[in-house]
Amino acid sequence: MAKKKRLAIYPGTFDPVTHGHLDILSRAAAIFDGIIIAVSKNSTKKTTFSLEERIALLKSVIKQKRFPCPITIETFSGLVVNYAKKRGARILVRGLRAVSDFEYEFQMALMNRHQASDIETVFLMPDEKYVYLSSSMAREVAHHQGDLKAFLPPIALQAVRKKFSS
Ligand code: ADP
């Protein structure tokens, strides 16, 4: 019997991409047959990097790494479940960090299930060293010229430093 390809969507803001995002991506790539990184266009969050900048950073970081399945980068607006359906995907990947993520992610996963019961959210936990890492924390540290080498890929580190030096 031909095996059905399991395509997963990894949605987020990626403002900017961090080693935490890449950790989740690597774990997901080891499970699924293809992953679409879906960069949110209509996030209620005010972003530091424009959509184009966030995509460009993701693209160059992904290009430098090897993953066990194909990874593509796209953008979406509106409900992520509608976007997943349009792309023929039934899996949403989300990262789960410390307890603080749980309430919001749980709420969102159940609301998404209410909208589309055939789409499942899969949570993956990052390496411990990224459990307290977020793009917003990285931006905050960059703003004060702190050390981020362990947390951001070099190109994102450069971009974030440039952003806050101007
Ligand atoms: P969003 O606005 O959708 O939360 P983010 O870019 O902040 O967008 O995060 C996208 C996804 O990546 C989320 O599921 C988030 O939990 C996950 N993520 C972000 N940083 C980390 C990290 N350090 N470890 C694990 N998952 C992470």
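If you're wondering where the values come from, they're calculated on a predicted model, not measured in any experiment. In listed order, ligands and their atoms are each counted from 1.
The main-chain N or O of Thr18 is found under 3.5 Å from a side-chain atom of His21 such that the two form a donor-acceptor pair.
Note: no N/O pair closer than 3.5 Å links Pro126 and ligand 1 by distance alone. Not a single N or O atom of Ser134, backbone or side chain, sits closer than 3.5 Å to an N or O atom of ligand 1. Geometrically, ligand 1 and Leu133 share a nitrogen or oxygen pair separated by less than 3.5 Å. Taking any N or O of Tyr130, backbone or side chain, at least one lies under 3.5 Å from an N or O belonging to ligand 1. For ligand 1, none of its N or O atoms has an N or O atom of Thr18 under 3.5 Å away. Between Ser135 and ligand 1, no N or O atom pair is found at a separation short of 3.5 Å.
Counting non-hydrogen atoms of other residues, nucleotides and ligands closer than 6.0 Å to NZ of Lys85 gives a total above 12. Counted within 6.0 Å of CZ on Phe106, heavy atoms from surrounding residues, nucleotides or ligands total 12 or fewer; the atom is thus considered open.
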Where do Arg113 and Ile119 land on the side-chain contact (heavy atoms from CB on, under 4.5 Å) test, with the steps shown first? CA-CA 6 Å; Arg113 180 181 284 166; Ile119 294 183; over 6 Å; no
Check the pair Ser134, Arg139 against side-chain contact (heavy atoms from CB on, under 4.5 Å), reporting the backbone distance first and the verdict last. CA-CA 9 Å; Ser134 62; Arg139 292 194 306 271; over 6 Å; no
Given the rule in the side-chain contact (heavy atoms from CB on, under 4.5 Å) test, do Tyr130 and Arg97 qualify, once you have shown the distances and angles that lead to the verdict? CA-CA 8 Å; Tyr130 304 132; Arg97 289 164 289 192; over 6 Å; no
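Between the choices Met125, His19, Arg94, the shortest heavy-atom distance to atom 13 (C) of ligand 1 belongs to Arg94.
Ligand 1 places these atoms under 4.0 Å from at least one heavy atom of Phe14: 6 (O). Counting atoms of ligand 1 from 1 in the listed order, those under 4.0 Å from a heavy atom of Gly12 are 3 (O), 8 (O), 10 (C). Under a 4.0 Å criterion applied to the non-hydrogen atoms of Ile24, ligand 1 contributes the atoms 25 (C), 26 (N).
Classified by interplanar angle (parallel below 30°, tilted 30° to 60°, perpendicular above 60°), the ring pair Phe14/Tyr10 is perpendicular. Ring geometry, Phe164 versus His143: the interplanar angle exceeds 60°, so the pair is classed perpendicular (tilted spans 30 to 60°).
Residue contacts with ligand 1 do not include Tyr132, since none of its heavy atoms lies under 4.0 Å from the ligand.
Of the heavy atoms in Pro11, only backbone atoms (N, CA, C, O) come closer than 4.0 Å to ligand 1.
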